Every structure is written in structure tokens, then in C-alpha cells.
Amino acid sequence: MILALRAPRTLRGRLALMALATSVLWIGVLTTVFNLALDQRLHAQADDVLRTRAEAVAATVDIRSDGRLTVREPTEDGALDAGVWVFRGNSVIEEPPGAPAALYIQAQRLAGGQEAFADARTLAPWRLYAYPLYAPAAQGHPPTQVGTVVSALSLDPYRNTAESALVGSIALAVLLLATFYLLTRLAVQRALRPVAAMSEQATRWSAAGAPERFGSDGRPAELSAFATSLDALLDRLSAVLRHEQQQAAELSHELRTPLSRITAETDWLTARTRSEQESADSLAAIAGAAARMQQICDSLLSEVRTRNAQTPGRCRFPELGHHLARLSVSQDPGRAPEVTVVTDQVPADGTGTHIDIGVSQEVAERILIPLLDNARRYATRSITLSCTRRAGAVTVCVADDGPGVPETFADLLFEPGRRAHPDDGHDGAGLGLALARRLARAAGGDIELGTAAAGACFEVTLPAG
């Protein structure tokens with residue numbers, strides 16, 4: 001079975017593993033360099049011992065004028081017993097007792113040659129050194145080599161020292177790595193403890209909607225950036241929570257009026273027997289309130305779909321304007337103001353060039369219908385739907401010839417539940433304009449109160465199709 005190596009799942013483990021990998025690299029390099037340097041040093045020491053022995057024996061050799069060699073026996077002749085040969089030419093005149101034959105053959109090969117070091121080929125681990133002996137130089141002639149001192153040395157002690165040093169350095173490296181890894185994990189764990197505490201605190205605050213924030217004062221640079229990011233995330237979560245709470249409040253507030261109307265009409269119908277006309281009027285009022293509830297629900301659902309949609313869709317003006325005009329007339333044919341559809345580039349009859357709007361027709365209707373309802377409520381005789389194109393956007397204006405928006409109420413116009421004239425008799429709750437602006441912004445546009453010579457004018461900016 002092949003076991004796949006997996007990276008640690010925790011940040012602490014990953015940082016410790018990264019530090020361990022770096023330590024393995026550096027300690028490995030240092031251990032290798034140390035052992036190579038030690039091996040070279042031991043070889044240099046062995047060569048020094050061989051040269052010293054050969055020179056010491058050469059000092060006991062007398063060289064006569066005829067080239068003969070005489071070896072004086074020193075007081076301590078341990079050098080010969082340590083492995084030194086004295087050759088006259090290729091003939092040995094002194095040799096160490098008990099020397100292996102293979103070693104003698106290797107020494108004989110070096111006899112008569114220049115100064116040199118050599119490793120034994122057939123008898124390892126031995127190393128040899130040849131020290132040439134020269135006869136005194138005659139007048140006008142160069143010195144002549146008459147003999148050679150060859151010293152031999154076993155490298156076993158040096159190899160044992162090198163191997164012991166290698167094993168010891170590896171053991172020390174492993175111990176250092178293990179200790180370094182544990183200390184690194186402890187240090188990283190201690191360093192990341194504030195991060196874990198901040199994460200747990202952020203989780204509790206976000207769940208409870210608490211207003212507390214971390215702030216960046218008195219923190220290290222990394223934790224300061226982390227705290228700033230967490231604060232921004234908590235702010236966004238709080239904004240989303242407030243948005244959802246506001247949406248729920250607006251929905252319940254907006255639905256309360258038509259629901260109360262349905263309840264009242266139902267109680268009125270069942271209280272006593274009504275005439276056929278009274279029953280029909282009451283049923284029509286119930287149907288109108290139900291349609292109002294349907295419109296509110298559709299508007300809120302359209303906002304959610306627009307907010308989460310990947311593709312905004314597309315619709316065309318003036319077709320959209322004519323469709324909205326027909327819807328406006330069908331709601332109250334008896335007293336509906338005239339709706340005029342105009343554009344800068346498109347004739348009023350709908351022929352010619354179209355203007356593409358970068359939202360679906362359903363979303364565009366949900367945005368514009370509350371504006372048309374508001375215009376129909378306050379218009380005296382006419383409503384104008386106009387559309388203009390500019391760079392990257394389309395502006396649809398809904399204007400009426402009514403009394404307009406009071407200047408004192410202009411800043412509160414798009415706040416949920418606000419009405420300029422609460423006692424004007426209509427059954428709205430002041431949420432239509434707020435919902436329309438929310439839908440427009442969710443689609444990448446906006447709604448602003450425009451300027452008009454008479455009446456009110458709302459400018460709806462939407463992406464171009």
C-alpha cells in the first residue's frame with residue numbers, strides 16, 4: 001500500500017513543518033561540510049605521520065660516496081617496527097618485521113621513484129609514502145637518487161574516528177531537529193493564540209450581532225491587519241443583519257394595511273345580510289387588497305432574485321413603457337391619467353430604434369410600477385414615461401403634473417414608512433419608493449428625485465443592455 005504524504009491541516013503544523021524543512025536543509029549542509037572537512041583533516045594528519053616517520057628513518061641512513069647505504073641502529077628502533085622500508089634501488093636492505101607481503105609489493109613499486117603518496121590497492125586501508133635518498137652531488141653533476149625510504153600506515157584509526165564523528169553528528173542533528181521542531185510548534189502555538197482568540201470572539205460577536213470591534217491599536221502589524229479585516233467583516237455582517245431585519249419589518253408593515261382591509265371587509269360581509277351591490281363592492285375591495293399583497297411579495301422576491309442573479313437580463317424601451325401604460329390604465333380605467341411614452345431617439349408610436357435596458361422586464365416592472373402608482377395617485381391629467389441613453393447606462397423618467405414633492409419632505413422621500421401626506425386617503429404604507437430604490441440599486445442602478453417645472457419627476461438609472 002502506498003501512503004500519501006499529507007500536509008498538516010493546521011497553520012501551526014504547516015509553519016512548524018516549514019521551519020523543520022528549512023532546518024533539515026541547513027543542518028544537513030553543515031553536517032556534510034563538517035564531515036568532509038574532518039575527513040580531509042584526518043587524511044592530512046595521516047600524511048604528516050607518514051612523512052615524519054620517513055624523514056626520521058632517512059636521518060639514520062648513511063650514504064657513502066660509492067652509493068652504498070648503511071642504516072645506523074638508533075637507540076629506539078620503533079620506527080622500523082611501525083612499518084618502514086629502506087630500499088637501495090629496488091632491493092630492500094631494511095624492512096619491518098611481520099609486514100604483509102602485499103604491503104611489501106606495494107612499497108617495492110614506490111622504490112626508486114620520486115616523493116609520492118599512494119594507497120594500497122590490494123590491502124586496504126593502508127597508505128604509503130616514498131621519500132627518496134640522494135647521494136652527495138659531485139662537482140658539476142646533479143645529485144643522484146640511490147635509495148628510497150617507504151613508510152606505511154594503517155588508516156583504520158582515522159576511519160574509525162571519521163565514522164564515529166559521522167554517527168555522532170547525525171545523532172546530534174536529529175536531536176537538534178527534534179528539539180527545534182518542538183520548540184517551533186510551541187512558539188507558533190503561542191504566537192497564534194491571539195489569532196484563535198480573535199476568531200472565536202468574532203464568531204460570538206457575529207452570532208449575537210454585538211457592536212464590539214477589535215481595533216488595530218496596540219497590536220502587531222500582522223494582527224492589526226487581521227483585526228481590521230475582521231472588523232470589516234463584522235460590519236458587513238451587521239449591515240446584512242440590519243438589512244434583513246429592516247426588510248422583515250417593512251414586509252410586515254406593508255402587508256398589514258391590505259390584510260386589515262381584507263379582515264374588515266370580511267367582517268362587514270358576515271355581520272349581516274348585504275345587498276348584491278354591497279357584496280360586490282366588498283368583494284372588489286378584498287380582491288384589490290389581495291392584489292396589493294401580491295404586488296408587495298413579488299417586489300420583495302424580485303429584489304432577492306436581482307441581488308443573487310448572475311445574468312441581469314434585458315428588455316427594450318419603448319415596448320416596456322407601453323406595457324406599463326396599459327397596466328396603469330387597467331388598474332383604474334375610470335380615472336387613470338393619460339400615460340405618454342417618449343424617448344430621445346425613439347418615436348412615440350414605438351417604431352424606429354430601440355433602447356436596450358440591462359435588466360429583465362420583470363425587474364424593470366417591479367422598479368417602475370411603484371413610481372407609476374405614485375404618479376397616478378397625484379397626477380392631475382397626465383403621466384410621462386421618457387427614456388434616454390448615455391454612456392453605459394439608461395435613464396427612465398416618470399413624471400406627473402401633480403402638486404410635486406414638498407421641499408421639506410425631499411430628504412425623507414425614500415425612507416421606508418414615510419409619506420408626505422399621511423391623511424390623503426390612499427391605502428399605501430410609504431414603502432413603494434423605498435422598495436423601488438432597493439430593487440434599482442440591487443440591479444446596479446439607482447432612483448433619484450429629478451427636477452421638473454411642475455409635478456414630480458423620478459429618474460431611474462439602470463445599466464444599458
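The structure displayed is predicted, hence computed values, not measured ones.
- Under the 4.5 Å side-chain criterion, counting only non-hydrogen atoms from C-beta, Leu177 is in contact with Leu20.
- For Arg441, the salt bridge (charged side-chain N to carboxylate O under 4.0 Å, His left out) partners are Asp446, not counting sequence neighbours.
- A side-chain contact (heavy atoms from CB on, under 4.5 Å) with Leu385 is found for exactly one of Val339, Leu320, Thr340, Leu371, namely Val339.
- The structure places CG of Leu25 at 9.5 Å from CG of Leu30, a figure rounded to the nearest 0.5 Å.
- Taking 4.5 Å as the limit, some side-chain heavy atom of Pro125 sits within range of a side-chain heavy atom of Asp156.
- Annotation: salt bridge (charged side-chain N to carboxylate O under 4.0 Å, His left out) contacts of Glu448 (sequence neighbours excluded): Arg437.
- Leu449 contributes atom CG, which lies 11.0 Å from atom CD1 of Ile447 (distance to the nearest 0.5 angstrom).
- In terms of heavy atoms, Ala19 sits closest to Phe180 at O-CE2, 3.7 Å.
- Annotation: side chain to side chain donor-acceptor pair (under 3.5 Å) contacts involving residues 173-192, sequence neighbours excluded, comprise Arg12-Gln189, Tyr181-Arg185.
- Counting heavy atoms from C-beta outward, Leu172 and Ile27 have side chains that stay 4.5 Å or more apart.
- Cys315 approaches Ala364 most closely through the heavy-atom pair SG-CB, 4.0 Å.
- At a threshold of 4.5 Å between non-hydrogen side-chain atoms, the residues Leu153 and Arg53 count as touching.
- With Asp401 contributing its side chain and Gly455 its backbone, the two residues share no donor-acceptor pair below 3.5 Å.
- Residues passing the side-chain contact (heavy atoms from CB on, under 4.5 Å) test with Ser386, sequence neighbours excluded: Val342, Cys397.
- With Thr461 contributing its side chain and Thr395 its backbone, the two residues share no donor-acceptor pair below 3.5 Å.
- Exactly one residue among Thr31, Asn35, Thr32 makes a side-chain hydrogen bond (donor to acceptor under 3.5 Å, both in side chains) with Ser169. That residue is Asn35.
- Residue pairs meeting the salt bridge (Lys or Arg N to Asp or Glu O under 4.0 Å) criterion with at least one member in residues 34-49, sequence neighbours excluded: Asp47-Arg127, Asp48-Arg51.
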* Determine, stepwise, if the pair Phe117 / Leu128 fulfils side chain to side chain contact (heavy atoms under 4.5 Å, CB included). => CA-CA 6 Å; Phe117 289 93; Leu128 298 94; over 6 Å; no

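- Enclosure of atom OH in Tyr158 by more than 12 non-hydrogen atoms of other residues, nucleotides or ligands within 6.0 angstrom is indicated.
- Two residues are said to be in side-chain contact when any heavy atoms from C-beta on lie closer than 4.5 Å; Ser151 and Tyr131 fail this criterion.
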* To do: For His323 and Glu365, run side chain to side chain contact (heavy atoms under 4.5 Å, CB included): C-alpha distance rounded to whole Å, both residues' side-chain angles, the deciding distance at 0.1 Å, then the answer.
  => CA-CA 9 Å; His323 175 68; Glu365 290 179 7; 2.9 Å; yes

* Pair Phe317-Val341, side chain to side chain contact (heavy atoms under 4.5 Å, CB included): steps then yes or no -> CA-CA 9 Å; Phe317 201 91; Val341 180; 3.7 Å; yes

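- Contact check for Val394 versus Cys387: side-chain heavy atoms found under the 4.5 Å cut-off.
- A pairwise comparison of heavy atoms in Ala290 and Ile262 identifies N-CD1, 3.9 Å as the closest pair.
- Atom CG of residue Leu38 and atom NE2 of residue His43 lie 11.0 Å apart, to the nearest 0.5 angstrom.
- With a 4.5 Å cut-off on side-chain heavy atoms, Val150 and Tyr129 do not count as touching.
- Note that the CD1 atom of Ile105 and the CG atom of Leu110 stand 12.5 Å from one another [nearest 0.5 Å].
- Taken from OG1 in Thr161 to CD in Gln45, the straight-line distance is 8.5 Å, to the nearest 0.5 Å.
- Every residue two or more places apart in sequence or in another chain was checked for a ring pair (Phe, Tyr, Trp, His ring centres under 6.0 Å) with Phe458, and none qualifies.
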* Report the C-alpha separation of Asp373 and Arg376 in whole Å, then their side-chain angles, then the decisive distance to 0.1 Å, and conclude whether the salt bridge (Lys or Arg N to Asp or Glu O under 4.0 Å) test is met. => CA-CA 5 Å; Asp373 290 343; Arg376 186 166 52 86; 3.4 Å; yes

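- At distances below 3.5 Å, not a single donor-acceptor pair connects side-chain atoms of Asn374 with backbone N or O atoms of Pro370.
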* List the steps, then state whether side chain to side chain contact (heavy atoms under 4.5 Å, CB included) holds for Leu50 with Thr52. => CA-CA 6 Å; Leu50 287 171; Thr52 301; over 6 Å; no

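- Taken from NE2 in His354 to CD in Glu319, the straight-line distance is 4.5 Å, to the nearest 0.5 Å.
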